[in-house]
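Counting starts at 1 for both ligands and their atoms, following the listed order.
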Amino acid sequence: MKPQFSEKIIVIDYGGQYNQLVARRVRECGVYCEIESYRTPLDVIRSGKPKGIILTGGPDSVYKEGAAGAPEELFGMGIPVLGLCYGAQLMMHVLGGRVERAPEREYGKTQVVIDMPHSPLYEGLPASMTCWMSHNDYISRPAPGFEITAHTGNCPAASLACVEKKLYAVQYHPEVLHTEYGKEILSNFVYRVCGCSGTWRMDDFAEAQIQSIREKVGNGKVLCALSGGVDSSVAAVLLSKAAGKNLTCVFVDHGLLRKGEGDLVESVFGPEGPYDLNFIRVNAQDRFYIRLAGETDPERKRKIIGEEFIRVFEEVACRIGSVDYLVQGTIYPDVVESGLGGESAVIKSHHNVGGLPEHVNFKEILEPLRDLFKDEVRKVGLHLGIPEELVMRQPFPGPGLGIRIIGDITAQKVKMVQDADAIFREEMKKAGLDRTANQFFAALTNVRSVGVMGDERTYDYAVALRSVDTVDFMTAEVTEIPYTVLKTAMTRIVNEVEHVNRVFYDITSKPPGTIEYE
Ligand code: XMP
């Protein structure tokens, strides 16, 4: 289900941390970009007719046995290639240069001196700039036909070019914001080297997706898992434009939603709402609580919630009759953190990402937003005419409060976290912070401690408040909430929420923390 555009860049994934960032930066230049694994056959890459190819960084050493490779032909197709970090080393290795262990590892912000300012990649840029480096190996001898275009104190070949063949290699990471002119370097590659015109917009993505889904789905029946969050709402409306009344949206209230959320979702997407959707609400709270009872392991909890979701869908699907496709609002950070984004490590298994159990009777799963970051999904949503207050809502995870209650889940704990969360959100709104903080919520720790309430000793739970500022949800900084706002929230929570006697504010950034707790 790949949308077709007249101009595209293909990013070949070698397992680096920043691979989607590369794709995203190219899209910001107005050129469609998608990622393929380095294992993808060359014919498939070629048949995509890319205007350019970018090889990403990765954890391997090119000279080690079994390292991720590239066929020499990739560099001789007449298609411009830009290698980044590992991709740069690989280009040199394959084309006859030498890569070896660097005498000194380079990590972090590094001053790069440009030796060939007229190299197309550096047009219009200063003679020296700060770049982000992260490498143990280095290019000790350029491949024949390549010239060194920049160096650093420790790295004699920080970038190389064979202008005639349109091959470029850079040791640093232009996709990372710490690289001062990274965006300009990538846009020089995209415009000056690949000759792209940069007319592509996110709106085009939405329209092309609708078109390609329409062709794929035909008259098939489509079932959409609608949670009411940004991602699944955008996916549902996108699908409704492609499949019309063949789409049925199923909203499962798993009892792990924010306070009042089930009714809110129903009011927007249900029969009284603005969309002409087939909408089914399933109140399945009890069966989720029963299955989760006593379970404390975070991954098991996620798995149980995911599996139970699927069971509920199966039942609804049976009632509807035959269902051909299941739609999910999976977005890129979900994919990469499930370890399914190509070559990166598993951090947590995201809810339902990556396919369905074998016995489920759907032909295929559709994930039309799988390659996008959250802010890109929002642009698609606005283009589709979804109201701004819905599209700009903060994300809420599929497993819901299940991953905001540390330890086992009970209906009573759900109520505690719902009430505390509602108070915190109210106070953030009153302070106007809801417009600037990107995600904030209350979670329930499994810490119980002694307190005193009136004249009575208590032995109750501690709530953690969390608020983060982030662009892409892959990294995040804690929001600096004024103390008075925290104090008001604390006072209200301990007074109004039964069995809570302490409130913590979590000041951990991501990394090392994650945004959610489990
Ligand atoms: P973390 O906790 O991984 O969260 O830093 C990053 C972003 O992803 C959301 N999140 C999830 N969303 N299913 C989802 O649909 C999940 O299992 C899940 N886990 C985290 C989280 O709310 C944050 O926006």
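At a heavy-atom distance under 4.0 Å, only side-chain atoms of Gln439, from C-beta outward, approach ligand 1. Of the heavy atoms in Asp231, none comes closer than 4.0 Å to ligand 1.
Close approach of ligand 1 to Ile403 (heavy-atom distance below 4.0 Å) involves ligand atoms 19 (N). Counting atoms of ligand 1 from 1 in the listed order, those under 4.0 Å from a heavy atom of Lys510 are 1 (P), 3 (O), 5 (O), 6 (C).
Under the side chain to side chain donor-acceptor pair (under 3.5 Å) criterion, Ser240 pairs with no residue, sequence neighbours left out. Remark: Lys259 engages Gln418, Asp419, Ala422 in a side-chain contact (heavy atoms from CB on, under 4.5 Å) (not counting sequence neighbours).
For Phe396, no nitrogen or oxygen atom sits less than 3.5 Å from a nitrogen or oxygen atom of ligand 1, counting backbone and side chain alike. For ligand 1, the polar-atom distance check against Pro395 finds no nitrogen or oxygen pair separated by under 3.5 Å. Checked against a 3.5 angstrom limit, the closest N/O atoms of Arg404 and ligand 1 fall outside it.
With 3.5 Å as the limit, one finds a donor-acceptor pair spanning the side chains of Glu215 and Gln211. Side-chain polar atoms of Asp408 and Thr296 form no donor-acceptor pair below 3.5 angstrom.
Electrostatic pairing of Asp375 and Arg24 counts as a salt bridge here, judged by a charged N lying under 4.0 Å from a carboxylate O.
The residue from Ser227, Gly229, Gly398 that puts a heavy atom closest to atom 14 (C) of ligand 1 is Gly398.
Counting heavy atoms from C-beta outward, Leu372 and Met202 have side chains that approach closer than 4.5 Å.
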